[in-house]
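The analysis underlying the following values was restricted to heavy atoms, covering all of them including side chains, and did not include hydrogens, waters or symmetry mates.
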Amino acid sequence: MSAVAYDSLLSTTAVISTVFQFLSGAMICRKYIQKKSTGDSSGVPFICGFLSCSFWLRYGVLTNEQSIVLVNIIGSTLFLVYTLIYYVFTVNKRACVKQFGFVLTVLVVVILFTNRLEDQRDQMIHVTGIVCCIVTVCFFAAPLASLLHVIRAKNSESLPLPLIATSFLVSLQWLIYGILISDSFIQIPNFLGCILSLLQLGLFVLYPPRSYSGHGYKLVEQAVPY
């Protein structure tokens with residue numbers, strides 16, 4: 001198999017895997033619709049998912065990476081729909097609007113700033129890539145509190161094993177793709193994603209769950225866009 005064909009195959013499987021990961025939000029929204037309430041859950045993962053996918057979509061357009069464009073068009077659309085569903089069923093609509101307004105402001109400010117670098121396209125891509133990395137790394141940092149809880153309790157029951165395993169596979173695919181196309185902005189966040197996922201998987205070995213009925217085996221509100 002030629003290098004080009006391998007790149008194409010890998011990018012296709014990475015896109016499919018990532019979209020399936022994004023679709024985990026649909027099951028959460030289904031529960032909102034069934035209960036006609038969001039309960040005490042937060043809409044921040046959906047809103048931040050929209051922000052991250054929007055930035056990566058812009059990066060994909062600037063670098064002409066079609067797989068990045070495709071997966072983040074789907075991702076930004078899904079997260080926007082999830083956010084709207086959350087807004088419909090949450091009682092705290094004002095907070096949701098403020099959070100989404102803040103995210104839109106950040107998105108617009110970054111786009112306007114990078115547009116000023118249009119005559120320096122490499123710098124424009126570089127700045128956008130840095131922003132994408134920062135946002136993605138922040139997503140990866142979110143589960144660290146859960147890791148500390150598992151270490152203290154010496155029980156991995158609260159960790160979502162299926163989601164962590166999926167996150168590792170998705171991060172690994174994008175890491176390899178980033179290496180093949182020599183793109184450090186794709187490599188760095190997904191390398192960190194692989195490390196974090198491996199740390200979490202390692203906790204299942206060190207601190208096996210006492211039962212398989214804990215919260216860790218229910219769908220959780222966490223999806224990391226790429």
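Atom CG in L192 sits 10.0 Å away from atom OG1 in T136 (nearest 0.5 Å). From T38, atom OG1 reaches atom CD1 of I33 across 12.0 Å, with rounding to the nearest 0.5 Å. Distance check: I68 CD1 to W56 CH2 gives 6.5 Å after rounding to the nearest 0.5 Å. The distance from atom CD1 of I85 to atom CG of L80, rounded to the nearest 0.5 Å, is 10.0 Å. Taking CD1 of I130 as the reference point, atom CD1 of I125 lies at 12.5 Å (rounded to 0.5 Å).
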| task | Mind running side chain to side chain contact (heavy atoms under 4.5 Å, CB included) on L203 and L199 for me, showing each step along the way? | result | CA-CA 6 Å; L203 289 177; L199 286 174; 6.0 Å; no

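Side-chain atoms of S171 come within 3.5 Å of backbone atoms of S167 as a donor-acceptor pair (strictly under, hydrogens ignored). Proximity of a side-chain donor or acceptor of S52 to a complementary backbone N or O of G49 within less than 3.5 Å is not detected.
For the residue pair S76 and S54, the shortest heavy atom distance occurs at CB-OG, 4.1 Å. Residue G178 comes nearest to I186 through the heavy atom pair CA-CG2, 3.8 Å, listed as atom of the first residue, atom of the second, then distance. Taking every heavy atom of both residues into account, C96 and Y86 meet most closely at SG-CD2, 3.9 Å. Closest approach of C133 to P189, counting heavy atoms only: SG-CD, 3.7 Å.
Taking 4.5 Å as the limit, every side-chain heavy atom of L51 sits out of range of all side-chain heavy atoms of I47. Two residues are said to be in side-chain contact when any heavy atoms from C-beta on lie closer than 4.5 Å; Y177 and N190 fail this criterion. Between L180 and I176, the closest side-chain pair of non-hydrogen atoms falls below 4.5 Å. Side-chain atoms of F55 and T128, non-hydrogen and from C-beta on, never get closer than 4.5 Å to each other. The shortest side-chain heavy-atom distance between Q120 and M124 does not fall under the 4.5 Å cut-off. No side-chain heavy atom of L84 sits less than 4.5 Å from a side-chain heavy atom of F46.
Counting heavy-atom neighbours within 6.0 Å of Q34 CD, excluding the residue itself, gives a total above 12. A 6.0 Å sphere centred on CZ of F89 holds more than 12 heavy atoms belonging to other residues, nucleotides or ligands. Enclosure of atom NZ in K93 by more than 12 non-hydrogen atoms of other residues, nucleotides or ligands within 6.0 angstrom is indicated.
Sorted by first then second residue, the side chain to side chain donor-acceptor pair (under 3.5 Å) pairs that include residues 102-116, not counting sequence neighbours, are R58-T114, R58-N115. Applying the ring-ring contact (aromatic ring centres under 6.0 Å, His included) rule to pairs touching residues 92-133 yields F50-F100, H126-F185, sequence neighbours excluded.
Cluster membership check: V205 does not share its hydrophobic cluster with L201, using side-chain heavy-atom separations under 4.5 Å among Ile, Leu, Val, Met, Phe, Trp and Tyr.
If you chain together ILVMFWY residues whose side-chain heavy atoms come under 4.5 Å of each other, Y87 ends up grouped with V97. Residue V61 is found in a hydrophobic cluster whose other members, listed by chain and number, are L57, V69, I73; membership requires side-chain heavy atoms under 4.5 Å apart, directly or through intermediates. Connectivity analysis of hydrophobic side chains (ILVMFWY, heavy atoms under 4.5 Å, direct or indirect) links V109 to nothing; its cluster partners are none.
Y59 is linked by a side-chain hydrogen bond (donor to acceptor under 3.5 Å, both in side chains) to D183, counting only residues two or more places apart in sequence or in another chain. L23 meets the side-chain contact (heavy atoms from CB on, under 4.5 Å) test with V19, F20, L78, Y82; sequence neighbours excluded. Judged as a side-chain hydrogen bond (donor to acceptor under 3.5 Å, both in side chains), and not counting sequence neighbours, the contacts of T13 are Q173. With sequence neighbours excluded, no residue satisfies side-chain hydrogen bond (donor to acceptor under 3.5 Å, both in side chains) with T63. Residues passing the side-chain hydrogen bond (donor to acceptor under 3.5 Å, both in side chains) test with Q66, sequence neighbours excluded: N64. Residues passing the side-chain contact (heavy atoms from CB on, under 4.5 Å) test with V44, sequence neighbours excluded: S42, C48, Q99.
The side-chain contact (heavy atoms from CB on, under 4.5 Å) test with W174 singles out one residue from S17, C194, S67, and that residue is S67.
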